[in-house]
Undergrad: 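One structure is given below, represented as structure tokens, and several questions about it will come after.
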Amino acid sequence: MITKEVKLGCKGMTRPLIIGGNNPVTLQTMWKESITDIPQNNEKLERTLRELNELSFLGCDIVRFAVPDMESAKAISMIAERTSMPLVADIHFDHRLALECLKGNTAAIRINPGNIGSIENTKRVVEGCRDNGVAIRIGINSGSLPKDLQEKIAKGEITRAQGLCETAVREAEIFEQLNFNQYVVSMKSSDVTETIECNRFYAQKYNNPLHLGVTEAGPLIGGVVKSSIAFSTLLNEGIGDTIRVSLSSSSENEVIAGLNILKECGKRKGGVTIVSCPRCGRLGFDVHAFVDRWQARLLAMKKDITVAVMGCIVNGPGEGKHADIGIAGATDKVIIFKKGKIVQTIDPKDADKVFEKELNSL
Ligand code: SF4
């Protein structure tokens, strides 16, 4: 089912990001630091802006910030004023924080009517979002379902996935009653099957855009595995308009993981494809270290090329012959090859410098 389009933006934003419909699946991450002290810390503001810029180059479309207090609400406005990255303010319990964020250029508010008190509070936030052209994201986690649904789950009357879906429907109904449809829904579980099922249930009946995520997915490797299974299953069924790989790791790794999932699911085209060998006893070149150093830089490049990083000359140029450029160990030397042909044989200490030069010449 084609979902409705939801505009992430605000009055001050010249090019709002459209989620849903036939638009590309967007990629998001969450900021990993408190921003409470940003109004008093210009150096941190500048660093935050630089890092947002790097995430944008890498392919990140949206960044969500936790907004637990008024200082953070002021901080997100200061950041939003100086970045083109659409920012989402993540708010629990206090609708006044949402109203404060709406004074700045925040593109979306993550808030659940069910946890901000009265319907009057929800109305104030909805009217503020409507006036400013700001979207809302409903975020349901398996750990915070309403009591009646928890009881039904405990009695085996419904599954947890059904409970997640029902909770999202209840929250969404409040927005619908207020005639507000600029919202995205997310239902998250740390269990892959539950994540898949609750999103399927929702998508069968409703056409609001869905944000996919496996919550508390875990450390880098385990989290990437869980998210890859959940997202690829759903994306291949046409479910999901925006994703976040949630990891106990850096935002950069979340974005790199998300990018790779989108690419492998055919949802994002172009850019640099890295093929690299796992390394073995034949290695003449530290593939792992080179990939660690170059991965983010290569992915941020706007070139549609394949780059091969291989440990040895025995298999390197052969296995990487389709690569536009490759680098491989050759006993005590390093070779650089293009489409399988060796173009440079160099000392390992010059590898980065010469590789960069050859890369730029493509
Ligand atoms: Fe081993 Fe060479 Fe293959 Fe890398 S390219 S896995 S070092 S044989």
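Side chains included, hydrogens not; waters and symmetry mates left out as well; all remaining heavy atoms used.
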Undergrad: Using only heavy-atom distances, determine whether the side chains of Arg124 and Asn121 contain a donor-acceptor pair under 3.5 Å.
TA: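 Yes.
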
Undergrad: Hey, quick one: are Val272 and Ile261 part of the same hydrophobic cluster, counting side-chain heavy atoms closer than 4.5 Å, chains of contacts allowed?
TA: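 Val272 clusters together with Ile261.
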
Undergrad: Write down the atom of Val184, the atom of Leu210, and the distance for their closest heavy-atom approach.
TA: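 Val184 and Leu210 have their closest heavy atoms at CG1-C, 4.2 Å.
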
Undergrad: For the residue pair Ser190 / Thr215, report whether a side-chain donor-acceptor contact shorter than 3.5 Å exists.
TA: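 Their side chains do not contain a donor-acceptor pair, so the 3.5 Å distance test is not met.
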
Undergrad: Look only at the side chain of Asp94 and the backbone of Arg96, and say whether a donor-acceptor pair between them is shorter than 3.5 Å.
TA: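 The answer is yes, because a donor-acceptor pair under 3.5 Å joins these two groups.
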
Undergrad: On a heavy-atom basis, which atom in His211 and which in Ile243 lie closest, and how many Å separate them?
TA: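 Smallest heavy-atom distance, with atoms named: CE1-C, 3.7 Å.
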
Undergrad: With rounding to the nearest 0.5 angstrom, report the CG to CD distance, Leu55 to Glu252.
TA: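 Leu55 CG to Glu252 CD: 7.5 Å, rounded to 0.5 Å.
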
Undergrad: Return yes if a side-chain donor-acceptor contact under 3.5 Å exists between Thr242 and Gln28, otherwise no.
TA: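 Judged by distance alone, the side chains do pair up.
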
Undergrad: Going from CD1 on Ile153 to CD1 on Ile158, what distance comes out if it is rounded to the nearest 0.5 angstrom?
TA: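 The distance works out to 4.5 Å.
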
Undergrad: Only one of Ile111, Leu87, Ile76, Ile109 passes side-chain contact (heavy atoms from CB on, under 4.5 Å) with Val67; say which it is.
TA: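 Of Ile111, Leu87, Ile76, Ile109, side-chain contact (heavy atoms from CB on, under 4.5 Å) with Val67 is met by Ile76 alone.
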
Undergrad: How far does CD1 of Ile325 sit from CG of Leu362, to the nearest 0.5 angstrom?
TA: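 It is 5.0 Å, given to the nearest 0.5 Å.
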
Undergrad: Indicate whether the side chain of Ser72 and that of Asp69 have a donor and an acceptor atom separated by less than 3.5 Å.
TA: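 The criterion, which ignores hydrogens and geometry beyond distance, is satisfied for Asp69 and Ser72.
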
Undergrad: By ring-ring contact (aromatic ring centres under 6.0 Å, His included), which residues pair with Phe290, not counting sequence neighbours?
TA: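 If we apply the ring-ring contact (aromatic ring centres under 6.0 Å, His included) test to Phe290, skipping adjacent residues, the hits are Phe285, Trp294, Phe355.
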
Undergrad: Indicate yes or no: does Lys353 engage Glu356 in a salt bridge with an N to O separation below 4.0 Å.
TA: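 The answer is no: the pair does not qualify as a salt bridge.
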
Undergrad: Would one find more than 12 heavy atoms of other residues, nucleotides or ligands at under 6.0 Å from atom CD of Glu81?
TA: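 Open: at most 12 neighbouring heavy atoms sit under 6.0 Å from CD of Glu81.
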
Undergrad: Give the C-alpha distance, both sets of side-chain angles, the deciding distance and a yes or no for salt bridge (charged side-chain N to carboxylate O under 4.0 Å, His left out) between Glu166 and Arg170.
TA: CA-CA 6 Å; Glu166 173 60 25; Arg170 287 182 187 180; 3.2 Å; yes

Undergrad: Closer than 4.0 angstrom, basic N to acidic O: yes or no for Arg50 and Glu46?
TA: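 Not counted as a salt bridge, because no side-chain N and carboxylate O are separated by less than 4.0 Å.
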
Undergrad: Ignoring hydrogens and geometry, is there a side-chain-to-backbone donor-acceptor pair from Thr106 to Leu102 under 3.5 Å?
TA: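 Here the side-chain-to-backbone pair does not exist.
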
